[in-house]
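In what follows, a single structure is set out as structure tokens and then discussed.
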There are 2 protein chains.
Amino acid sequence: MSPDDDEYIGYVLSDVARLIRTVFDRRVRDIGLTRAQWLVLTRLYRRPGASQTELADMLEVDRASAGRMIDRMEKNGWVERRSDDGDRRINRLYLTADARRAHKAMWSIAEATVDDALAPLSATERDQFTRLAARVKSQLQSMAGANGS
Amino acid sequence: MSPDDDEYIGYVLSDVARLIRTVFDRRVRDIGLTRAQWLVLTRLYRRPGASQTELADMLEVDRASAGRMIDRMEKNGWVERRSDDGDRRINRLYLTADARRAHKAMWSIAEATVDDALAPLSATERDQFTRLAARVKSQLQSMAGANGS
DNA sequence: TGAGGATTGTTGTCTAGGCTACATTAGCCC
DNA sequence: GGGCTAATGTAGCCTAGACAACAATCCTCA
């Protein structure tokens, strides 16, 4: 493998993720949510009342990054911060009615986007691809968790 | 497939790419280049004297994004802008001696990182994974090129 | 009970990328 | 030549994420 090889898996994976984000964001631009924000939405839809740290864990993202995401989404009326009785450090997060309504629309766009992206693959290949990617992901998670190097 | 499924391929792929970037950047932090900057380096190593637009095309990235990347790398002494004789709009890009030296080191770190990430897969599986990802990528490229939707 | 350590969220500073609008410069064609 | 169009790079404004440092709060244990 050489730096000259455009098919190097490392390149390809970053590209795939960037392209998915770009395509998805373009498709849903008129709704006013981005892909990353929609991920927040799916998480809070399932677990309303989660704290910011819990949300960050679910998204596997920095606490600070999650906090800023919530800032944006709160400003735009998608998410509400409510204080926790009993622990004044915690913000409990809830979706607004608008957000709950948008959830379904966004999900079907997301599904269609991924379906389109995977269209060239057969059902079997999709399955293989998904399973292989999941294994790579969990390997990376342990590498990232192990404090680098 | 439901929003509740953490193994949804759409989630997994973004996660894989983000984790690779994080792990790689952490490993090479002391060198002073990030993964994205190292990608620039590999491209200019192969094609010294490329214009900014050509570089943007090679990276499949916005012209503006590429321009800012070059700003940062020029400031840090990795890249040089030289004006073109004959077309005053164009900046021709060249690596500095430092950058050419760093190229090899970065490449082996990149290779090791990807190798580690793919470690759980057999040789055959790696191959499958790479080929499947490449097909998904080219599908996404045509989707992104086709002006969204 | 009170001191020290852990947790939670925020802020600052950085890279990275996208889109739009724009000035400059080339090229082409009348 | 002169005017239109295309290409090039830049700047402004936005999201997104990482890391570090910090204040407020909570918890544990001596």
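Scope of the values below: all heavy atoms of this structure, side chains included, with no hydrogens, waters or symmetry mates. Per chain, numbering begins at 1; letters A, B, ... match sequence-line order. Quick caveat: nothing in here was measured; it's all calculated off a predicted structure.
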* With sugar-phosphate meaning primed atoms plus P, OP1 and OP2, does A/Arg35 contact a base, only sugar-phosphate, or nothing at under 4.0 Å between heavy atoms? -> nothing
* To do: Could you state the atom-to-atom distance from CG of B/Asn76 to C1' of C/dT15 in whole Å?
  => 11 Å
* Nearest-neighbour nucleotide for the A/Asp87 side chain, D/dA18, D/dC26, C/dG9 considered -> D/dC26
* To do: Return the value, rounded to whole Å, for the distance between atom CD1 of A/Ile70 and atom C1' of C/dT8.
  => 12 Å
* Asked: For B/Met73 and A/Ser51, take the nucleotide of DNA chain C holding the closest heavy atom to each; which residue's nucleotide lies nearer the 5' end?
  -> A/Ser51
* How far apart are the closest heavy atoms of B/Leu95 and B/Arg100, and which atoms are they? -> O-NH1, 3.0 Å
* Asked: How are the rings of A/Trp38 and A/Phe24 set relative to one another: parallel (under 30°), tilted (30 to 60°) or perpendicular (over 60°)?
  -> tilted
* Should A/Asp84 and A/Arg92 count as an ion pair when the cut-off is N to O under 4.0 Å? -> yes
* To do: Give the nucleotide from the list C/dC19, C/dT10, D/dC26 with an atom nearest to the side chain of A/Arg88.
  => D/dC26
* Just compare D/dT10, D/dT25, D/dA18 and give me whichever is closest to any side-chain atom of A/Ser65. => D/dA18
* Structure fact -> Of D/dT15, D/dG9, D/dG17, the nucleotide closest to the side chain of B/Asn91 is D/dG9
* Structure fact -> A/Leu140 atom CG is separated from D/dA18 atom P, nearest whole Å, by 13 Å
* To do: Would you indicate, yes or no, if C/dT7 has its OP1 or OP2 atom less than 4.0 angstrom from a side-chain nitrogen or oxygen of A/Gln52?
  => no
* Asked: Given atom NZ of A/Lys75 and atom P of D/dC13, what is their separation to the nearest angstrom?
  -> 14 Å
* Does A/Arg68 make a side-chain donor-acceptor contact with the base of C/dG12, cut-off 3.5 Å? -> yes
* Nearest-neighbour nucleotide for the B/Arg81 side chain, D/dG9, D/dT10, C/dG9 considered -> D/dT10
* Asked: Any ion pair linking B/Arg68 and B/Asp71 (charged N to carboxylate O, less than 4.0 Å)?
  -> no
* Asked: A/Glu60 or B/Arg63: which one's nearest nucleotide on DNA chain D is closer to the 5' end?
  -> B/Arg63
* Assign A/Asp62 to base, sugar-phosphate, or nothing according to its heavy-atom contacts below 4.0 angstrom with the strands shown. => base
* Structure fact -> Separation of D/dT15 atom P from A/Asp25 atom CG, nearest Å, is 12 Å
* Whole-Å distance separating the CZ atom of B/Arg72 from the P atom of C/dT13 -> 17 Å
* To do: Inspect the contact between A/Arg131 and B/Glu125 and indicate whether a charged nitrogen and a carboxylate oxygen are less than 4.0 angstrom apart.
  => no
* Do any N or O atoms from the side chain of A/Asn91 and from the backbone of A/Arg82 form a donor-acceptor pair under 3.5 angstrom? -> no
* Kindly say whether, by distance alone, the side chain of B/Arg89 makes a donor-acceptor pair under 3.5 Å with the base of C/dA26? => no
* Once you round it to whole Å, what is the distance between P of C/dG18 and CZ of A/Arg27? -> 17 Å
* Asked: Considering only side-chain heavy atoms of B/Met69, which listed nucleotide, C/dG17, C/dT11, C/dT10, is closest?
  -> C/dG17
* How many Å lie between CG on A/Asp84 and C1' on C/dG9, as a whole number? -> 13 Å
* Looking at D/dA18, D/dG12, D/dG9, which one has an atom nearest to any side-chain atom of B/Ile90? -> D/dG9
* Using a 4.0 Å heavy-atom cut-off across all strands, classify B/Ala64 as base, sugar-phosphate, or nothing. => base
* Phosphate contact (D/dG9 OP1 or OP2) by B/Thr53 side-chain N/O below 4.0 Å -> yes
